[in-house]
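These notes are about the structure you will find just below.
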Amino acid sequence: MSAVLEVKDLKMYYSTKQGMVKAADGISFTVNQGESMGLVGESGCGKTSVSMSIMRLLAENAKIVGGQILFKGQDIVKLKEEEMNKIRWAGIAMIFQAAMNSLNPVYRVGDQIIEAILAHEPDVTFEEARERVAELYKLVGLDPKRMDNYPHEYSGGMKQRAVIAMSLACNPDLIIADEPTTALDVIVQDMILKELSKIQKKLNMSMIYISHDIAVIAEVAEKIAIMYSGKIVELSDAVTIFKKPAHPYTVGLMSSFPSIHGEKKKLVTIPGEPPNLLNAPDHCRFAPRCPFATKECWEKTPPYEEIEPNHYVACFHPQNLRKQVSING
Amino acid sequence: MDEAKSAVAQETVLKVEHLKKFFPLRKSPFSRAKSFLHAVDDLNFEIKRGEVLGLVGESGCGKTTTGKTLLRLYEPTDGKITFLGKDVTHLKSAQDRKWFHSKSQMIFQDPFESLNPRKTIFDIVSEPMNIQNEGSLKQREERVMEILKRVGISPPDAFLWRYPHELSGGQRQRVAIARALVMNPQFVVADEPTSMLDVSIRTQVMTLMMDLIADMHMTFIYITHDLAVARYMTDHIAVMYLGRMVEYGETEDVIQNPLHPYTKALISAVPIPDPEFKRKSLQIKGGIGKAIDPPKICRFYERCPFATERCGKEEPPLYDVGNGHKVACFLYEKDGK
Ligand SMILES: Nc1ncnc2c1ncn2[C@@H]1O[C@H](COP(=O)(O)OP(=O)(O)OP(=O)(O)O)[C@@H](O)[C@H]1O
Ligand SMILES: Nc1ncnc2c1ncn2[C@@H]1O[C@H](COP(=O)(O)OP(=O)(O)OP(=O)(O)O)[C@@H](O)[C@H]1O
Ligand SMILES: [Mg+2]
Ligand SMILES: [Mg+2]
């Protein structure tokens with residue numbers, strides 16, 4: 001398998017009046033061709049910041065202060081803006097959080113996608129682009145006749161499909177989908193996730209799914225990265241993350257999630273409040289909420305290490321890897 | 001002790017009969033309404049003391065409208081609401097209104113909008129007591145401290161004089177819960193009280209509410225579109241579809257054995273947090289609209305994979321298929337009463 005994206009020790013900080021917000025603080029992961037990775041974590045932990053760094057669409061006060069982002073071997077952190085423009089959409093495309101609102105209300109939906117194709121592929125004629133958009137509409141389950149409608153004539157689910165069609169327009173190698181279905185109800189969410197998975201497999205694309213909903217991630221991702229306070233605290237294949245989580249935060253997350261499937265288990269709570277990324281401390285950021293924290297955890301940041309093949313954890317006290325564990329003992 | 005508890009549990013706190021809430025649709029504020037949006041259309045149910053009823057269904061099906069109408073924040077269009085044996089459908093006298101509103105409360109959908117940004121936490125939480133003119137200032141302060149501690153805002157005196165923007169989302173949601181519970185209400189409508197919260201905080205707030213309900217024998221209506229949350233929080237579930245109740249039953253019955261095609265589709269679409277589990281979903285067509293002057297046919301007719309000609313001609317009644325499990329679908333005509 002060849003790596004499409006390798007993120008190595010990425011650091012992206014926001015400067016604010018109150019201090020530095022270390023939204024991505026030493027992030028490393030790899031996405032192979034045809035692979036789908038899930039990036040999970042609570043609101044504000046830095047998921048969107050990581051994806052905006054990969055797209056190089058940074059806020060004015062944001063800066064990549066360290067690390068590499070290798071896209072097909074090339075470090076895009078160093079690329080000039082014109083070079084990055086060629087990669088954006090054609091190499092890496094993104095379905096933005098609240099994507100439904102990212103369509104321009106005054107243009108016909110189909111024309112917006114055609115525009116995106118023409119901007120990247122000057123050799124393509126308008127008719128060819130229109131033909132391609134019609135194909136994409138069919139692919140995402142929309143009627144090509146609806147291309148001539150305006151966004152307000154679409155339902156929420158239809159807009160979401162149109163945005164997915166747009167992300168596919170220039171045949172990208174990698175799509176980053178940031179909470180692609182959060183605003184939708186479960187029935188529509190289900191249809192769209194199925195569609196996306198089908199297309200991804202058919203075109204052998206790579207995907208990064210971002211969500212705070214681990215149930216959604218369980219269904220679409222082969223590999224999962226758990227993020228907490230600007231850092232990846234655990235990364236492995238989906239089954240390992242769910243069946244034998246090693247980081248205490250992951251363990252807590254897994255047992256605090258209600259499910260309608262199987263026996264009704266007692267919900268476990270993770271005590272304390274979510275962390276503040278502003279002026280984050282120089283020790284394990286989960287220590288204040290961790291039942292296993294020792295003196296060491298309050299003094300140093302645990303290294304992010306491969307504790308068994310393809311299972312990375314940043315914790316001084318990874319939980320017993322041979323049996324399933326639960327945080328309440 | 002269990003006997004005492006079950007004796008208490010027999011008492012019906014709320015009885016709802018043929019409840020309707022229609023919104024008039026007018027061209028201009030002065031013209032006469034030609035059409036009506038049937039936001040809540042003929043609801044019937046009862047809730048006993050200590051029981052939690054879940055209202056579930058997709059966006060716009062009428063959950064919030066039902067909650068607000070039951071708490072008499074909206075005037076019902078038709079039907080009857082009986083609370084603790086008293087008819088509260090109209091609440092004509094000031095005394096009746098005071099009595100009803102001292103015993104019932106709502107936790108609103110959005111804690112960012114529902115807490116007044118210019119008031120301190122003390123003012124916000126004590127407001128129901130002020131309105132009711134309950135206790136001295138000192139007694140109010142003690143009560144506020146006590147309830148804040150109960151909802152996990154501690155130490156409470158560190159929070160009393162703060163403003164909502166100085167609190168995290170989870171803390172705000174807990175303040176909204178404290179405000180609703182400060183007068184020991186007997187009946188609470190909680191409208192998506194955890195939808196804005198992160199996973200870990202959400203579990204904290206859910207656990208807290210379950211404890212409070214059990215300790216204080218409160219009667220709850222819990223509104224949510226998340227069936228996994230409903231499974232944990234509720235004893236019974238009512239599934240709503242375009243203003244109608246299409247299914248009702250004990251929570252585990254509805255989740256393990258959904259009967260109405262809409263409930264089946266809804267439950268089969270919920271993602272399962274288990275990467276090895278292969279879920280099969282029941283696919284249904286299109287999105288929902290609004291029940292504007294709806295014809296007397298099944299409201300799910302156009303989307304239903306099992307619809308027959310009859311479903312497009314008459315409206316199915318609620319059939320009781322046993323154990324109080326009810327469903328509004330002709331497929332169950334033979335099994336039901
Ligand atoms: N332009 C900015 N300036 C300063 N801080 C910012 C800026 N944008 C984001 N942040 C902060 O950076 C942190 C990470 O934000 P980010 O949007 O990446 O989180 P997220 O994990 O995507 O959260 P969500 O699930 O809510 O979308 C947050 O604490 C946020 O408040
Ligand atoms: N004050 C109002 N005036 C007119 N129409 C209203 C009013 N409030 C709600 N509606 C309409 O009544 C229907 C039911 O709305 P309601 O807010 O009860 O839905 P809901 O089930 O709570 O949805 P959600 O899950 O999005 O909160 C919707 O079609 C809505 O547009
Ligand atoms: Mg985000
Ligand atoms: Mg609502």
Side-chain angles (χ1 to χ4, degrees), chain A residues 38 40-45 154-158 181 183-191 193-194 211-222 224 228 237-243 249 252-262 264-274 276 289, chain B residues 56-61 152 167-171 194 196-208 210 224-233 251-252 254-256 258 262 264-279 281-289 303:
Chain A
V40 186
E42 294 189 53
S43 179
C45 72
Y154 280 42
S155 73
M158 289 168 68
T181 57
L184 306 172
D185 70 68
V186 283
I187 292 176
V188 184
Q189 162 172 293
D190 187 41
M191 291 192 246
L193 290 177
K194 284 218 169 70
S211 181
H212 62 271
D213 186 343
I214 59 167
V216 164
I217 294 294
E219 297 208 334
V220 294
E222 298 152 58
I224 298 175
Y228 189 82
D237 62 276
V239 175
T240 303
I241 292 285
F242 276 87
K243 304 285 154 144
Y249 174 64
L253 206 56
M254 294 302 153
S255 34
S256 67
F257 226 84
S259 172
I260 60 160
H261 164 63
K264 190 169 146 186
K265 290 194 219 76
K266 193 170 159 42
L267 293 185
V268 168
T269 56
I270 303 175
E273 291 281 328
N276 185 355
R289 303 175 74 186
Chain B
V56 305
E58 54 202 332
S59 185
C61 70
L167 268 57
S168 76
Q171 291 170 334
T194 61
M196 311 269 298
L197 300 180
D198 270 327
V199 208
S200 68
I201 300 299
R202 185 176 72 178
T203 324
Q204 284 181 13
V205 173
M206 280 169 62
T207 314
L208 165 81
M210 287 192 272
T224 179
H225 64 267
D226 187 334
L227 280 150
V229 168
R231 184 183 187 197
Y232 277 84
M233 293 300 306
T251 298
E252 280 300 296
V254 173
I255 285 184
Q256 307 286 355
Y262 173 66
K264 284 188 172 158
L266 199 61
I267 287 186
S268 74
V270 176
I272 307 291
D274 178 351
E276 290 177 322
F277 184 81
K278 290 287 161 268
R279 185 170 53 83
S281 51
L282 173 69
Q283 305 272 348
I284 55 171
K285 285 170 266 180
I288 54 165
R303 298 174 77 190

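Below, all heavy atoms of this structure are taken into account, side chains as well, without hydrogens, waters or symmetry copies.
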Quick one, A:D190 and B:R279 - any side-chain contact, counting heavy atoms below 4.5 Å? yes
Note, A:P258 side chain near B:M233 side chain (heavy atom, < 4.5 Å):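 No, every pair of side-chain atoms sits at 4.5 Å or beyond.
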Taking side chain as everything from C-beta outward and backbone as N, CA, C, O, which of these in A:E222 sits under 4.5 Å from a heavy atom of chain B? Side chain, backbone, both or neither.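 Answer is neither: A:E222 stays 4.5 Å or more from chain B.
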Please look at B:L227 and chain A and tell me whether the side chain, the backbone, both or neither of the residue comes under 4.5 angstrom of a heavy atom of that chain. both
Using side chain to side chain contact (heavy atoms under 4.5 Å, CB included), reason through A:V186 and B:L266 one step at a time and then give a plain yes or no. CA-CA 7 Å; A:V186 283; B:L266 199 61; 3.8 Å; yes
Report the option among B:V229, B:I272, B:I267, B:L282 that has the most heavy-atom pairs separated by less than 4.5 Å from atoms of chain A. B:I272
Greatest number of heavy atom pairs closer than 4.5 Å to chain A - which of B:Q204, B:Q171, B:Q283, B:K278: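 Among the listed options, the one with the most contacts to chain A is B:Q204.
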Run the side chain to side chain donor-acceptor pair (under 3.5 Å) test against B:E252 and tell me which residues pass, sequence neighbours left out. B:R231, B:Q256
B:T224: what forms a side chain to side chain donor-acceptor pair (under 3.5 Å) with it, not counting sequence neighbours?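 Per chain and number, B:T224 pairs via side chain to side chain donor-acceptor pair (under 3.5 Å) with no residue.
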Please confirm whether the backbone N or O of B:T203 pairs with a side-chain atom of A:S256, one donor and one acceptor, at under 3.5 Å? no
Calculate, to the nearest 0.5 Å, the distance between atoms NZ and OG1 belonging to A:K264 and B:T251 respectively. 7.0 Å
Heavy-atom closest contact (B:D274 atom, A:H261 atom, distance): OD2-NE2, 4.5 Å
Heavy atoms only, distances under 4.5 angstrom: which of [options] has the most pairs with chain B? Name it, please.
{"options": "A:D237, A:I260, A:I224, A:I214", "answer": "A:I260"}
{"options": "A:A215, A:A238, A:A218, A:S43", "answer": "A:A215"}
{"options": "A:H212, A:M158, A:K194, A:Q189", "answer": "A:K194"}

Trace of the side chain to side chain contact (heavy atoms under 4.5 Å, CB included) decision for B:Y232 with A:K266: CA-CA 9 Å; B:Y232 277 84; A:K266 193 170 159 42; over 6 Å; no
